[in-house]
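Structure record follows, encoded as structure tokens.
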2 protein chains.
Amino acid sequence: MPVSISDVAKRANVSISTVSRVLNRRELVNDQTCARVESAIRELGYQPNAFARGLMLRKSEIVGLVLPDLHGEFYSQIIRGANQRARQLGYNLVVSSTRDGDDSHSLLHAIRQRTLLDGVAVMVSELTDRIQDVLTDFRLPFVVLDDEIGGAPHDSVLIDQRHGATAMMRHLVGPCGAKRIVFVGGLETNFDTIARFEAYRQALANAKLPFSRSDVYYLDYEYETAYNLASKHVREWAAPDCCVFAANDEMAAGIVAAANAAGLSVPRDLGVAGFDDTRVARMTRPPLTTVRVPMSEMGAKAMELLCRRVADPQRPPTRISLKPELIVRESCGADLCGPHRNR
Amino acid sequence: MPVSISDVAKRANVSISTVSRVLNRRELVNDQTCARVESAIRELGYQPNAFARGLMLRKSEIVGLVLPDLHGEFYSQIIRGANQRARQLGYNLVVSSTRDGDDSHSLLHAIRQRTLLDGVAVMVSELTDRIQDVLTDFRLPFVVLDDEIGGAPHDSVLIDQRHGATAMMRHLVGPCGAKRIVFVGGLETNFDTIARFEAYRQALANAKLPFSRSDVYYLDYEYETAYNLASKHVREWAAPDCCVFAANDEMAAGIVAAANAAGLSVPRDLGVAGFDDTRVARMTRPPLTTVRVPMSEMGAKAMELLCRRVADPQRPPTRISLKPELIVRESCGADLCGPHRNR
DNA sequence: CATGTTTTTGACAGCGCTTTCAATAGACCA
DNA sequence: TGGTCTATTGAAAGCGCTGTCAAAAACATG
């Protein structure tokens, strides 16, 4: 039923080779013949069969993207960025999650189909060794997101967490004139939290501000937890030259809400800074000064790297580091007229 | 370089037919031979070539999902749900967005590859006719999300917006004892807003409450806009038996914030209800009573329908309607011990 | 006109797999 | 013993396409 290349050939009164040439290397065929073939293609509504094509060419122009989850602000931005860039580069994107059902199984499953995939970008949280094995076992071109896997070198795209946190700290001790900064992190073992904490500590030292272990809290990235913590401490924190630096926007929002509930005004009585620049950052009163993490760009860069590697499997591994950007809004009280001003 | 079926055949000292049978119809081959072949497969790390397979079988086990955008709470939930179910059903999912680059082009592009896709689920906002044409032109099995396309009947998955809004209204006039309900919708032309408004009006009539045109506002679904509107009106709205019914959680959050800023207490002085049950719903003080829209389930159902149609293109079109669920939290002041209680 | 060169075309051999179809070899029955 | 089954296997025909190679056609040159 579906129309094949030989149907077109018959109709245009040429051989299938000629049709194929029209499709792939037009310059090799006579203009008139070409026109005849093209109209036959149009009339029949012919679409080359991608399987047959792939069988010969040994490539599908499909690449995979494997994330821990597909839902949530970050992942969905990565998907968006990756998909967009993949398209530009002439590839289609298959997404998959390591969390759907059994953890690694689904990744394996995705990759088992590898003969259909030209390459894959993976973002992993744990099981790094096994994934490394699987990936190299299958000899499938791959790039790693936001993490590095031990062993053989490979392409990777990283977010320079440290740079972002440092930028924020500089802003707090500089333009905002903070003398005391409270750090509210996520889980103590979380890589991002660790990087941000280090930047925090370093910046404090650079600014010759005292570091106090009691100004550091480790929570769970949740609004509610931060709200509860802040409810207990805002009165103590309240001071024009005190800022709370939360490791994500949700916690920052919780802190702002707790301050407001306690009758304090942000940033007059207390500065609050967030991280990530998610939607919530604009949904607090006042809106949050935060750090924009270029997730969508990370997805895009990953696709660039991946497609390049697919094209040339021998090229030396590249490592791209993306710099987060400071977004100054009102929650820390600094002047809003700087170059980063963002309503 | 890659190992093919004939490598396995040679190694196991059988013909390729036998290897193929071991792969697909094990029961047809002798146990001993089978074992020999299997160990050859293992030793060689053989993976069947998906192209060759697809060429014969005429199916890829890949289905597509085309959304207006890939980012945002809803879309990402749809993707998650769809991906999960697709996997369960033995399919892989390719996602694509109509907004990346030129609107319809990217959809077309995705579908042009259709020989690789067994089917596609599309969610459209506008250009319904053209998509319908494209889809039927390509004779590709498809299902439509959250909308219906004129013309030939087809599978579709819808959200029963009306049902959700009605449930909320019943809750407000019943357990919450509201006598006056302010409606804050999105754009007046938006389908969801229209459906929700109709439910609002109907419920008001059923409860014999007066309807006042001046209690209806049309905004743009944004936090900020709602905050501004509410700042102007909260004092006028303030009354224990008055509720504001916002058409999404972000606007509801803006209203709560404005009320708090005005020194009012929600729900004591004013009830606020949201819609969608996004993350923000838990990020207001108090958390929002809202309506959970089963987006992830919509994605899952779409995949079920799609895969069924792929399996049997002749079956009559199905139309699934998903019911949103009322989520009672604290922002409307009703008793929290009902069956839907959700912290 | 013979010869060399370039352009344009068709025949055909795969790519790696599934799937008839036929062959072989026991097993069973009369 | 001959004949009919059944179980097991291999040979070979494609699936629709690309790409090589050689033939044919068109053109240019001496």
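Worth knowing before you read on, the calculation uses all heavy atoms, side chains too, and leaves out hydrogens, waters and symmetry mates. In the text below, chain A, chain B and the rest are named by the order of the sequence lines, each starting its count at 1.
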Would you tabulate the pairs of protein nitrogen or oxygen atoms and nucleotide nitrogen or oxygen atoms of nucleotides 7-9 of chain C closer than 3.5 angstrom?
residue, atom, partner, partner atom, Å
C/dT9, OP1, A/Thr33, OG1, 2.4
C/dT9, OP2, A/Asn30, N, 3.1

Original post:
Given atom CG of B/Leu55 and atom C1' of C/dG14, what is their separation to the nearest angstrom?
Top reply: 13 Å
**OP:** Any chance you could lay out the side chain to side chain contact (heavy atoms under 4.5 Å, CB included) test for A/Val63 and A/Tyr91, step after step, and finish with the verdict?
**Re:** CA-CA 7 Å; A/Val63 290; A/Tyr91 285 80; 3.7 Å; yes
**OP:** Applying side-chain hydrogen bond (donor to acceptor under 3.5 Å, both in side chains) between A/Asp155 and each of A/Lys301, A/Arg309, A/Arg308, report the one that passes.
**Re:** A/Arg309
Subject >> Interatomic distance where CG belongs to B/Asp7 and P belongs to C/dC15 [whole Å] >> reply: 11 Å
**OP:** Would you mind reading off the distance between A/Leu57 atom CG and D/dG16 atom P, rounded to a whole angstrom?
**Re:** 17 Å
**OP:** Measure from CG on B/Asn24 to C1' on D/dT9 and round the result to the nearest Å.
**Re:** 16 Å
Original post:
Roughly how many Å is it from CD1 in B/Ile5 to P in D/dC15, rounded to a whole number?
Top reply: 18 Å
Original post:
Contact class for A/Leu23 (heavy atom, under 4.0 Å): base, sugar-phosphate, or nothing?
Top reply: nothing
Original post:
Does a side-chain N or O from A/Arg58 land closer than 4.0 Å to OP1 or OP2 of C/dG16, or not?
Top reply: yes
**OP:** Tell me what A/Ile16 touches on the nucleic acid: a base, only sugar-phosphate, or nothing, going by heavy atoms under 4.0 Å.
**Re:** base
**OP:** Specify the separation, in whole Å, of atom CG of B/Asn49 and atom C1' of C/dG14.
**Re:** 14 Å
Original post:
B/Asp7: what forms a salt bridge (Lys or Arg N to Asp or Glu O under 4.0 Å) with it, not counting sequence neighbours?
Top reply: none
**OP:** Check every atom of C/dG16, D/dC17, C/dT19 against the side chain of B/Ser20 and return the nucleotide holding the closest atom.
**Re:** C/dT19
Subject >> Euclidean distance, A/Cys307 SG relative to A/Glu61 CD, rounded to 0.5 Å >> reply: 9.5 Å
Original post:
Are A/Glu38 and A/Arg26 within salt-bridge range, i.e. N to O under 4.0 Å?
Top reply: yes
Subject >> OG-CG distance between B/Ser96 and B/Leu65, expressed to the nearest 0.5 angstrom >> reply: 8.5 Å
**OP:** Classify the nucleic acid contact of B/Ser4 as base, sugar-phosphate or nothing, counting any heavy atom under 4.0 Å across all strands shown.
**Re:** sugar-phosphate
Subject >> Nearest-angstrom distance from the residue atom CD of B/Glu61 to P of C/dT18 >> reply: 12 Å
Subject >> Euclidean distance, atom CE of residue A/Met56 to atom P of C/dA13 [Å, nearest integer] >> reply: 14 Å
Original post:
Does A/Arg53 have a side-chain nitrogen or oxygen under 4.0 Å from the phosphate oxygens OP1 or OP2 of D/dG16?
Top reply: no
**OP:** Indicate whether any N or O donor in one side chain lies under 3.5 Å from an N or O acceptor in the other, for A/Asn24 and A/Arg53.
**Re:** yes
